Amino acid sequence: MMLGIFALMLTLNILTPYICDDFTYRLNFLTKEPLGSFWEIFPSMYAHSYKMNGRLISHGLAQVFMLLPAIVFDIVNAAVFTATVYLIHRLCAKEREPLILTAIFCLFWLFTPAFGQVVLWQVGALNYFWALSGSVLFFTPELLRFRDGRELLTKKWHRICFCVYGFFFGWYNEIASFVGICMVICLILLDVWMNREKFRFSRIIPVFCAVLGYAVMLMMPAQSANKQGTALTLPLLLQKSENCTRMLLDHFMPLLAIFAVLFVIGLIAKLPWKTLVLAGLFALAGICANYMPIAASYYPERCMCTTALMLIMAVGFLAAELGNGKFFPLLAAGTAVLMLLTLPAGLRGCRDIAGCYVQHAHREQIIATALENGEKDVVVNIVWPSTPYSAYYGLADLNPTDSTTWPNHSMALYYGLDSLLGE
């Protein structure tokens, strides 16, 4: 099953070319010229911190991959997705459980808003899905310690390395990093309260390191400038809150309903309190994450991926525990239903991704023919997606009227053209 998931994701990654911001991140933000070496990334990210935002770790990684053949990112990204799904399934089920693995993959496919942007788009995956992977890794030690009494960071060098990791994780993404930090704090407090564990200051040091990294991200000049906008009056906050609520219900109402049903069944079945508390905590974290962009100027669907992760894990904790007892038929039936729902959605999404790749290949053929004929001002087709599974969905493609604007200019530089327009 793991090989099957990896093979599918690798294929979809290969069928997803550079899109939108990918062309921009192939350039040095300081010189505006194509990146020439690894060492140029540092001054490029310095300029990026003044022009774009403070997510220098994720965008620095994006520029690292831009120096490598595209297939390298395709392989690594498919491996990250597969490993993350596997880790989540092991955290929920405690052991290898094919039904839980299948259910979690299906839930990610069905309920990740803007799936293509979050999972397949190169810059998007590095900023969003990799942030989810980093968050899961960050709260795993305290989750296992609270639930199973299992300590992962047993040696001093383990704790030192984890503190370093915490700093860079905190500097990675505004929503996923904040939620991951809060989850660790909550899990430590739950361990002290429910397990009667003595609080040790050393457990909180990784959190301080992550908070420091988060603060560094927020203090970047561009990040501070991005947060300075229209004053957040009460009517505006209420309007934005209503918008966040609408997006939560539009995208996650079925998932919230599944959680509610499983939670009620769990209460009736008298599941262990730790399982119920964990499920409730993760569901609450997912709902809270949905409201974090309330102060932002806009709320793109890809920013909802942290909510998707937390709600999927909340469902996973309950489903795995119920599946261990007399409710196993319920788990099997639920997984079968998810598979039946995922199959048509998967076929539709894969067809759209392949269709966009064909449109992209046609575009590149036009460009190649023009270059052979010595033409440097070219008009090519715009790629039109039909589902959120394509990374093109919801992203800016070629402007049909202005060749100097973004992303036309960056794409023209990539292909060695003077100008590039879409039609």
Side-chain angles (χ1 to χ4, degrees), residues 18-70 72-73 76-77 80 117 121-135 138 161 163-178 180-181 206 208-229 292-293 295-298 300 302-303 395-396 404-414 416:
Y18 291 135
I19 302 171
C20 193
D21 286 4
D22 292 340
F23 295 97
T24 303
Y25 281 89
R26 294 183 64 88
L27 305 177
N28 186 322
F29 280 85
L30 185 64
T31 64
K32 303 295 185 182
E33 296 296 324
L35 281 169
S37 71
F38 172 79
W39 301 111
E40 289 184 24
I41 294 175
F42 296 97
S44 175
M45 285 296 99
Y46 175 78
H48 184 280
S49 70
Y50 280 88
K51 298 176 182 179
M52 303 295 289
N53 56 53
R55 276 182 263 131
L56 304 190
I57 306 302
S58 55
H59 287 122
L61 279 173
Q63 295 214 301
V64 169
F65 280 108
M66 290 301 175
L67 294 172
L68 303 171
V72 175
F73 174 78
V76 174
N77 193 46
V80 168
Q117 292 183 32
W121 175 34
Q122 183 154 326
V123 167
L126 285 162
N127 274 272
Y128 297 98
F129 194 83
W130 286 37
L132 302 186
S133 306
S135 185
F138 189 64
C161 290
C163 288
V164 174
Y165 169 73
F167 174 77
F168 289 110
F169 166 70
W171 196 353
Y172 203 88
N173 179 280
E174 295 91 334
I175 298 178
S177 295
F178 184 85
I181 291 169
F208 286 133
C209 294
V211 170
L212 179 61
Y214 196 83
V216 170
M217 176 174 62
L218 295 184
M219 288 189 296
M220 293 292 106
Q223 193 80 18
S224 303
N226 289 341
K227 302 305 177 187
Q228 295 175 1
M292 280 192 65
S297 57
Y298 72 110
R302 59 181 176 267
C303 290
L395 293 179
T404 62
T405 191
W406 168 87
N408 294 49
H409 177 67
S410 301
M411 292 177 67
L413 282 176
Y414 173 73

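Keep in mind the model is a prediction, meaning the values are calculated, not measured.
Contact between Tyr25 and Leu35 at its shortest, heavy atoms only, is O-CD1, 3.8 Å.
Residues passing the side chain to side chain donor-acceptor pair (under 3.5 Å) test with Ser58, sequence neighbours excluded: Asn127. Listed by chain and number, the residues in a side-chain contact (heavy atoms from CB on, under 4.5 Å) with Thr404 are Asp402 (sequence neighbours excluded). With sequence neighbours excluded, the residues that form a side-chain contact (heavy atoms from CB on, under 4.5 Å) with Leu212 are Phe167. Applying the side chain to side chain donor-acceptor pair (under 3.5 Å) test to Tyr128 and every residue at least two apart in sequence or in another chain returns Arg302. Remark: Phe23 engages Tyr18, Ser410, Met411, Tyr414, Tyr415 in a side-chain contact (heavy atoms from CB on, under 4.5 Å) (not counting sequence neighbours). With sequence neighbours excluded, the residues forming a side chain to side chain donor-acceptor pair (under 3.5 Å) with Trp130 are Asn77, listed by chain and number. In this structure, Asn173 has no side chain to side chain donor-acceptor pair (under 3.5 Å) partners at least two apart in sequence or on a different chain. Annotation: ring pair (Phe, Tyr, Trp, His ring centres under 6.0 Å) contacts of Phe138 (sequence neighbours excluded): Phe162, Phe169. For the ring pair (Phe, Tyr, Trp, His ring centres under 6.0 Å) test, no residue two or more places apart in sequence or in another chain qualifies with Phe168. Partners of Phe208 according to the side-chain contact (heavy atoms from CB on, under 4.5 Å) rule, which considers only residues two or more places apart in sequence or in another chain, are Phe201, Ile204.
Looking at Asn53, its side chain never comes within 3.5 Å of a backbone N or O of Ala222 through a donor-acceptor pair.
Using a 30° and 60° split on the angle between ring planes, Phe42 and Trp39 fall in the parallel class, below 30°.
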